[in-house]
Amino acid sequence: MGNKIVVPFGSQHIALPEPVSFLFDTKNEIITNVKVDVGYVHRGIEKAAITKFEFTNVSYLLTRICGFCSITHAGGYHHGIEKLLDVEAPKRAEYIRLIITELDRIHSHLLANAHVAEVAGYENLFMQGVKDREIVMDLLENITGNRIQYDIYTIGGVRRDISKETAEYIKKQLLKLKDKVLKVYDFYDTDYTFGLKTKGISYISLDDAKKYNVVGPIARASGLATDARAEFDYLPYDEVGFEIQTRTEGDVWARNIVRQMEVIHSIDLILRAIDNLPEGDIKVKYKGRPKGETFVRVEAPRGECFYYLKGNGTKVLERVRVRVPTYSNIPILKELFVGEKYSDAQPIVLSFDPCMSCTAR
Amino acid sequence: MINPNVEIFETTLEKVVEDIKNWYDYKKYHYVTINGVDEGGKLRIDWIFADYNEKNKMYVFRVTDVSFDTLIPSIANIIPSAWMAEWELRDMFDVEVENTQKGIFIKDPNIVAPLRKDK
Amino acid sequence: MGFFSKFRKKSPWILHYNTGGCNGCDIEILATLAPKYDIERFGALNRGNPKQADILLVTGPVTKNCRDVLRRLYLEMPEPKVVVAMGACGHGGGVFRHLYNVENGVDNIIPVDVWIPGCAPNPRALIDGIVEAIKIWEKKSKDKEYMKNHSKEMIKNLGVNDD
């Protein structure tokens, strides 16, 4: 009963900001098989990082892997290279790094949630979410000078300081944002029709999440408490009181709620960090060339991002390996589609918040 | 400064799948990725894992001196999400890996093994 | 002023395609569609269908895997059409210039009318670029005017002269 119809989704599609292509085999609107092509954005950044750029400039290339998590890539690289050069960044710089990283997470999560709402049929909610997000973009522009590619990390510290007036401004704006985010959170939590479209769709059990090594908000929505901020010491998250946010439902709805909870928690973290901003320098000088190898794990908005760096005592590194969160979430995403309706395919893809320019590099 | 606590298990290409199978417990450990490094004509492959509970802890299964024409075993039947890294390894170094196809990232036939230093 | 060109400029619909950039430009496009910058003031809407689009907004340095898709999208769009290349990597590749899988910029594949510089361009720069694109598009539209004989009554009602 029913004919097999192949429905393409991507590489160019209204719901996708980036090129990725899915080919769904459908039978009576139920998906029976999926083919996925993630390679559209492959540019060859890992090759360029070990041939064309010196270790002082590689960061500018690596941040251009992805616009959403540019600060994560800068973080992964700089924490590694500081280990190889044996430089310790001052405390104030670490706090400023933390503040920017969390602001980046807020804007990424707000956009991801808004996007899920849009493809579930709530265009107004999308506009609301992106409007709230402008507050954060404004703050980022205020601190770093750019809205997307901040490049605030440098080896041994940060480029710019946060002045007293800016700190006050951040606090004022974030409190304003928190009110707005809580209102939207209420809507996601309680709205009946939004629940109909998202609850119970693409369920991942805790066991599956562990078997497939799912990371990020997708894992935390299934009750798997994994977070590189808690599992790896790279920024003073312990000092500002970081806690892992989890839900147990494991569906599209829970992923949205986890992201919304993380936004609220990130606002709290930034407020605490600003209140306890240590005095002192923001940069130290470094000498020498990177030598040896190191492993780094940092938490991107989408999950754990892994860096492997190897230097050989010259200006050019020998190997840079980047493993990004979406890369390890694609295998389970591929399995999830089977048995779902085609009309739910867009919310499922976007609830994973896929970042293809990270995946293919 | 970061302080990763990395435990390295040196092993050989024949034994690596069995070693990982005996050691790996999906409830305790977290597969991260497979990484290849060209060490002057020879390939070094790392299978990298992390711990859910212990802070800063990472585990690496390391095989050195792999020549580019040997068949590399697949761990995709132990860890179902490992296929992507294996396909990428094949594209980037032009080595044979079990149960993989070419062309996840590089579709142009003129580009061969970009991460190998001799090409 | 022609019949179609007068009304066509009120609704320039955008087709957006990322050809392998860092998606920084793409989030700025989303921000520009949203309330603060609100590009809908100019009648511009983001539509995913090349057959309905008037302005092709391209971001990224054009990877080899995206090249054919971009060419096909351009050919599928109806005349008159305008191509806007956004971001530093659209201009000859930017930081990705001469990487092995990159085609060094949009104009190696399709003709470009408007360039928007910056990494990533500010939404204000994007609005400026779109307004510029609408002007070029209007001019192209006049040159391509093909329907000449509308009914007299209709022209009288609309208040435009046929050209």
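Nothing here was measured: the structure is a model prediction, and the numbers come from that model. A, B, ... follow the sequence lines: proteins, then strands. Residue 1 opens every chain.
In plain terms, the two heavy atoms of C:Asn23 and A:Cys66 that are nearest each other are ND2-SG, 4.0 Å. The heavy-atom pair separating C:Tyr17 from A:Pro19 by the smallest distance is OH-CB, 3.9 Å. In this structure, A:Gln149 and C:Ala120 approach most closely via the heavy-atom pair CG-N, 4.4 Å. Residues C:Thr63 and A:His42 share a closest heavy-atom pair of CG2-O, 3.5 Å.
In this structure, chain C has a heavy atom under 4.5 Å from the side chain of A:Leu111, while its backbone stays farther away. For chain A, the nearby parts of C:Asn101 are the backbone and the side chain; heavy atoms of each come within less than 4.5 Å.
Legend: residues meeting side-chain contact (heavy atoms from CB on, under 4.5 Å) with C:Asp107, ordered by chain and number and at least two apart, are C:Val112, C:Trp115.
Heavy-atom pairs under 4.5 Å with chain A peak, among C:Cys25, C:Gly24, C:Pro61, C:Gly118, at C:Gly24. Chosen from A:Met137, A:Arg133, A:Glu134, A:Lys131, the residue pairing most often with chain C at heavy-atom distances under 4.5 Å is A:Glu134.
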Can you give the donor-acceptor pairs under 3.5 Å from side chains of residues 117-129 of chain A to other protein atoms, not counting sequence neighbours?
unit_1   : atom_1 : unit_2   : atom_2 : d
A:Tyr122 : OH     : A:Asp191 : OD2    : 3.3
A:Tyr122 : OH     : A:Thr193 : OG1    : 2.6
A:Tyr122 : OH     : A:Phe194 : N      : 3.0

Listed pairs under 3.5 Å, donor-acceptor, residues 42-54 of chain C side chains, sequence neighbours left out:
unit_1  : atom_1 : unit_2  : atom_2 : d
C:Asn49 : OD1    : C:Lys51 : N      : 3.0
C:Asp54 : OD2    : C:Trp13 : N      : 3.0

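The SG atom of C:Cys89 lies 9.0 Å from the CZ atom of A:Arg64; values are rounded to the nearest 0.5 Å. Taken to the nearest 0.5 Å, the CD1 atom of A:Ile148 stands 10.0 Å off from the SG atom of C:Cys119. A:Leu61 CG to C:Phe96 CZ: the interatomic distance, rounded to the nearest 0.5 Å, is 6.5 Å.
Taking 4.5 Å as the heavy-atom cut-off, the residues of residues 28-41 of chain C that approach chain A are C:Glu28, C:Leu30, C:Ala31, C:Leu33, C:Ala34, C:Pro35, C:Lys36, C:Tyr37, ordered by number.
The shortest distance between side-chain heavy atoms of A:Lys52 and C:Leu99 falls below 4.5 Å. Using a 4.5 Å heavy-atom cutoff, the side chains of C:Val69 and A:Tyr40 are in contact. Between C:Val62 and A:Arg43, the closest side-chain pair of non-hydrogen atoms is not below 4.5 Å.
Residue C:Arg71 places its CZ atom among more than 12 non-hydrogen atoms of other residues, nucleotides or ligands, all under 6.0 Å distant.
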